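Contents: one structure, followed by commentary.
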Number of protein chains: 2
Amino acid sequence: MLLALLDGKAYTANELARAADITPPTASFHLDKMLKAGLLALVRQGRYRYFRLAGPDVARTLESILSLQHAPLPRQIVSSCPPRLREARTCFDHIAGALGVRIYRAITSRGWTTHTDAQFAITPAATDFLGELGIPRDMLPVKSTPCLDWSEREFHFSGDFGRLLLQAMLSKRWVLGGKSRQLTMTEAGQRRLAAWEI
Amino acid sequence: MLLALLDGKAYTANELARAADITPPTASFHLDKMLKAGLLALVRQGRYRYFRLAGPDVARTLESILSLQHAPLPRQIVSSCPPRLREARTCFDHIAGALGVRIYRAITSRGWTTHTDAQFAITPAATDFLGELGIPRDMLPVKSTPCLDWSEREFHFSGDFGRLLLQAMLSKRWVLGGKSRQLTMTEAGQRRLAAWEI
DNA sequence: TCCATACTTCGATACCCATCGAACCTGTGC
DNA sequence: GCACAGGTTCGATGGGTATCGAAGTATGGA
């Protein structure tokens, strides 16, 4: 289970049980132990409980152990989401899928957010980025609750900021919507977003 | 036992058993496993079998694991050797004790040795150092077998080079001998040796 | 309101594995 | 050559713990 979690993503107890060839009760038993030991962190979302490694130090330790012997490669958990929906889709009123995770990573890794527990806020440091999207600076700080992406198992932005972001990217034609939840990124959008990544 | 070995020194099965509060057979059982798993290395010397961590990667992994939780500090193994003999003493015809280990470390860390398994040789790179000791350069390469120091549990030089070194250091009055095996380092010796460390 | 799903808790079982005593092996020193 | 200390092997034992089925809890949707 730890090997499966080594990709940094979050998985449910049932998924990890399947990956480790054990039954859900057994998985739950061990996950609880590792949670209490501080090796894992828990993200509750509705009726789902997602487990992920508690931090980069745990990942480093695991990799350190693996480096001593080349252990058999972990059986990676495959997503049951259709590829095109995994790319980019709407999740109610905000962006989800690989695109949503990309945006979340870009913004958090630049330090444009503050957070108290699960409440995130976009700080004025993001003014330039938001300006390009036509979001006026006097709206800052915008609040947001990170939402664990169903297909990617990493976080994306929902809440006020998630809604603003989707509206802005649609009106600027960085992404195109359709009848389904699927979103398509335009070439212009690709370029602009790439410029903001690192 | 691994915690006790984390100081990088080598210990016998009985010592490690005492450190871990288990009986010698139990210690032997686990040490054998870890030896086969490649976590430990073995140094045979007479009727003694010294175990040490197989390499720096094992030490790093252990420290990585310890860093996740502040584990209780390992019970360090205390040497039964009198302090003055630990400092510096003769071992047959060469230098042992902390001084012997210091010299071994200084010379090996500078890359002045080549080795095939247990056979070491001092290379011409050490010419300056040896010259200062009055050892002519045409004697190079000098052979040496590293010997696990009884009080320090790290290696020192014995063999041809160990003998030459003791004779030279005595005649240059870097160290003074006596009736017992104890050696005393002179102030001049301290200065000269310190200059060669790192 | 009711069911389906995701997940955990509980209890019983079985198995693994650490542990130790006793016997055996092997170098050392007298 | 003998005694002795360091060390390992062997076999039996016991305890711990992983495991799973069944039952319970919580959440979301019809």
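Here the structure is a predicted model, which is why all the values come from computation and not from measurement. Numbered from 1 within each chain, the chains take letters A, B, ... in sequence-line order.
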For Leu148(A) and dA6(C), what is the distance between atoms CG and C1' respectively, to the nearest whole Å?
16 Å

Which residue pairs satisfy the ring pair (Phe, Tyr, Trp, His ring centres under 6.0 Å) criterion with at least one member in residues 9-39 of chain A, sequence neighbours excluded?
none

Report, as a single string ordered 5' to 3', how protein heavy atoms within less than 4.0 Å touch nucleotides 16-30 of chain C: B base, S sugar-phosphate only, - not at all.
--SBBBB----BS--

Using whole Å, report how far CZ of Arg49(A) lies from P of dT9(C).
7 Å

Which side-chain N or O atoms in residues 40-58 of chain B pair as donor and acceptor under 3.5 Å with protein atoms at least two apart or in another chain?
{"unit_1": "Gln45(B)", "atom_1": "OE1", "unit_2": "Leu148(B)", "atom_2": "N", "d": "3.3"}
{"unit_1": "Gln45(B)", "atom_1": "NE2", "unit_2": "Leu148(B)", "atom_2": "O", "d": "3.1"}

Using a heavy-atom cut-off of 4.0 Å across all strands, would you classify Tyr50(B) as base, sugar-phosphate, or nothing?
nothing

According to side-chain hydrogen bond (donor to acceptor under 3.5 Å, both in side chains), does anything in residues 144-162 of chain A pair up with another residue at least two apart or in another chain? List the pairs.
Glu15(A)-Arg153(A), Arg86(A)-Glu152(A), Arg89(A)-Asp149(A), Arg89(A)-Ser151(A), His94(A)-His156(A), Arg105(A)-Glu154(A), Asp149(A)-Ser151(A), Asp149(A)-His156(A), Asp160(A)-Arg163(A)

To the nearest angstrom, how far is Arg44(A) atom CZ from dC7(C) atom P?
12 Å

Suppose we screen for side chain to side chain contact (heavy atoms under 4.5 Å, CB included). Which residues come up paired with Pro83(A), at least two apart in sequence or across chains?
none

Should the pair Phe157(A) and Phe120(A) be assigned to parallel (<30°), tilted (30 to 60°) or perpendicular (>60°) ring geometry?
perpendicular

What pairs of residues pass the side-chain hydrogen bond (donor to acceptor under 3.5 Å, both in side chains) test when at least one of them lies in residues 122-136 of chain B, not counting sequence neighbours?
Glu132(B)-Arg192(B), Glu132(B)-Trp196(B)

Outermost contacting nts on DNA chain D, any atom under 4.0 Å from chain B heavy atoms, listed 5' then 3', are dA5(D) to dT9(D)

Clusters formed by hydrophobic residues whose side-chain heavy atoms approach within less than 4.5 Å: which one holds Ile65(A), and what are its other members?
Ile65(B)

Under the rule for salt bridge (Lys or Arg N to Asp or Glu O under 4.0 Å), what residues qualify as partners of Glu87(A), not counting sequence neighbours?
none

